[in-house]
Amino acid sequence: MMNEEYLNRGMDLKRLMLYFQRKIWIIIMLIILGATFGGVVYQIIRGMKMPVEYETVSKLYISFGVDESGEVYQHYNGYTWNDLMDTDPILDLIMEELPGYEKEEVREATSAEILSDIRLLTVTVTGGSEKFVREIRDAAEAGLMKFAQESDEISLIKVIRSEAPQRVYWDDRTSAACITGAVIVGVLAFLAFGFAYAFNESIFVQGDVEKKYPYKALGILTMNQKGLQPYAGELKANLHYVLGAKKTFAILDMANHADMRKLEIEGLLNRGEMEVPVGAGEEDFGWNIMNEEPPREADEWEVVPFNENVLSEEECIKIRELGGVIILLPFGNDVGRKTERILSLLRIQDCQVLGMIIAQADEEFLNRYYS
């Protein structure tokens with residue numbers, strides 16, 4: 001049964017930081033995948049959705065005529081030229097060079113503007129094919145030169161530059177797409193792991209046990225134990241205190257590796273250190289232990305192991321005979337619901353819970369948390 005304090009607990013920021021540190025490689029991989037996905041999707045959209053469009057630009061030099069008073073006509077500006085290109089006097093001259101074309105499509109394809117010097121006219125033609133823009137460009141240049149010949153205000157228009165049609169592309173924003181994809185996936189990853197953390201009832205430190213369950217947190221069994229202090233020494237002292245004169249006691253492993261945990265705890269209580277096994281390297285072992293259990297002396301401690309997945313009436317009878325059981329909770333695994341079920345069974349069967357131990361704990365995580 002959970003303590004009220006656990007249900008109303010605040011957020012342990014250091015525990016949260018170390019939790020994310022354990023997941024950071026996953027988050028980094030997701031961010032890289034998000035960046036790649038963003039870039040690929042952008043390139044696909046850019047290739048498939050970008051309209052095929054060509055553009056050509058002509059530069060024409062205008063020589064203005066002289067009015068009756070001898071002044072040069074200089075009243076043409078950018079707006080006037082763009083408007084003039086759409087009117088019949090110039091458009092008719094252009095259409096003479098474009099048999100088979102419609103006036104409307106020529107109007108839409110052509111624009112004219114004065115950028116700085118009123119004597120320099122820029123004509124831009126856009127369209128869906130090189131042939132289309134080339135023909136309209138040539139017709140516009142020819143039409144404007146004819147218009148100059150028929151106009152009093154303009155004495156001459158000549159082409160000083162005529163560019164070849166060029167394919168128009170969107171600005172390449174692949175880098176921005178990659179950054180956007182990375183940011184979106186990164187934020188979602190942090191939110192997902194944060195949400196998982198908020199609902200995660202995994203046990204990481206002894207404080208989690210004390211807040212969640214009304215039982216003593218006796219200590220920690222770590223993986224790859226490099227020395228007996230401080231965690232092994234604390235566990236040994238607590239077991240001696242809780243068990244007193246009892247030399248035989250039961251453990252119940254919620255991760256179902258009770259035989260391995262039995263050897264670890266017996267090695268700690270009887271020898272104070274672990275011997276190197278013949279086939280060291282098994283991930284399920286915590287401290288280095290022997291593959292075969294050594295001969296037991298008469299005054300040595302004996303651990304009777306039980307696994308959660310085989311607990312039944314016979315095992316409960318044995319636990320009552322031994323005077324109680326110590327629950328082993330796997331480090332970093334959410335076995336809260338399973339543990340609640342087992343604790344309910346033990347209460348109904350009048351099996352005393354002597355305390356709880358965190359098993360297979362990450363010593364690096366613990367050292368950082370308690371530093």
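Note: Q349 CD to S312 OG = 9.5 Å, rounded to the nearest 0.5 Å. The structure places CG of L144 at 8.5 Å from CG of L93, a figure rounded to the nearest 0.5 Å. Expressed to the nearest 0.5 Å, how far CZ of R161 lies from OH of Y61 amounts to 16.0 Å. We find the CZ-CD distance between R320 and Q352 to be 13.0 Å, quoted to the nearest 0.5 Å.
Inter-residue side-chain proximity for Y42 and T180 is flagged as unmet; no heavy-atom pair is nearer than 4.5 Å. The side-chain heavy atoms of D138 and E97, taken from C-beta on, include no pair separated by under 4.5 Å. Counting heavy atoms from C-beta on, the side chains of E108 and E102 never come closer than 4.5 Å. Between V335 and E308 the shortest side-chain heavy-atom distance does not fall below 4.5 Å. Put simply, the side chain of I326 does not reach to within 4.5 Å of the side chain of V303, judged on heavy atoms. Using a 4.5 Å cut-off on side-chain heavy atoms (C-beta onward), T56 and R134 make no contact. Between M254 and I327, the closest side-chain pair of non-hydrogen atoms falls below 4.5 Å. Between L329 and D208, the closest side-chain pair of non-hydrogen atoms is not below 4.5 Å.
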Pair E163-R137, salt bridge (charged side-chain N to carboxylate O under 4.0 Å, His left out): steps then yes or no: CA-CA 9 Å; E163 296 181 354; R137 177 203 64 190; over 6 Å; no

K262 vs E266, salt bridge (charged side-chain N to carboxylate O under 4.0 Å, His left out): CA-CA, chis, key distance, verdict: CA-CA 6 Å; K262 160 189 166 70; E266 286 183 347; 2.8 Å; yes

E314 and K318: CA distance, side-chain angles, deciding distance, salt bridge (charged side-chain N to carboxylate O under 4.0 Å, His left out) verdict: CA-CA 6 Å; E314 183 179 346; K318 182 65 175 177; over 6 Å; no

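Distance alone, capped at 3.5 Å, places no donor-acceptor pair between the N238 side chain and the G219 backbone.
In this structure, K246 and L322 approach most closely via the heavy-atom pair NZ-O, 3.9 Å. Across every non-hydrogen atom of G127 and F132, the tightest pair is CA-CD2, 3.7 Å. For the pair I265 and L328, the tightest heavy-atom approach, listed with the atom from each and the gap, is CD1-CD2, 4.4 Å. Across all non-hydrogen atoms, the minimal contact from Q206 to E234 is OE1-OE1, 4.3 Å.
Look at E340 and R337 and you find no salt bridge, because none of the NZ, NE, NH1 or NH2 atoms lies under 4.0 Å from a carboxylate O.
With no hydrogens or angles considered, no side-chain donor-acceptor pair links T124 and E55 at under 3.5 Å.
Between W301 and H240, the ring planes are parallel. Angles under 30° get that label, and only those over 60° would be called perpendicular.
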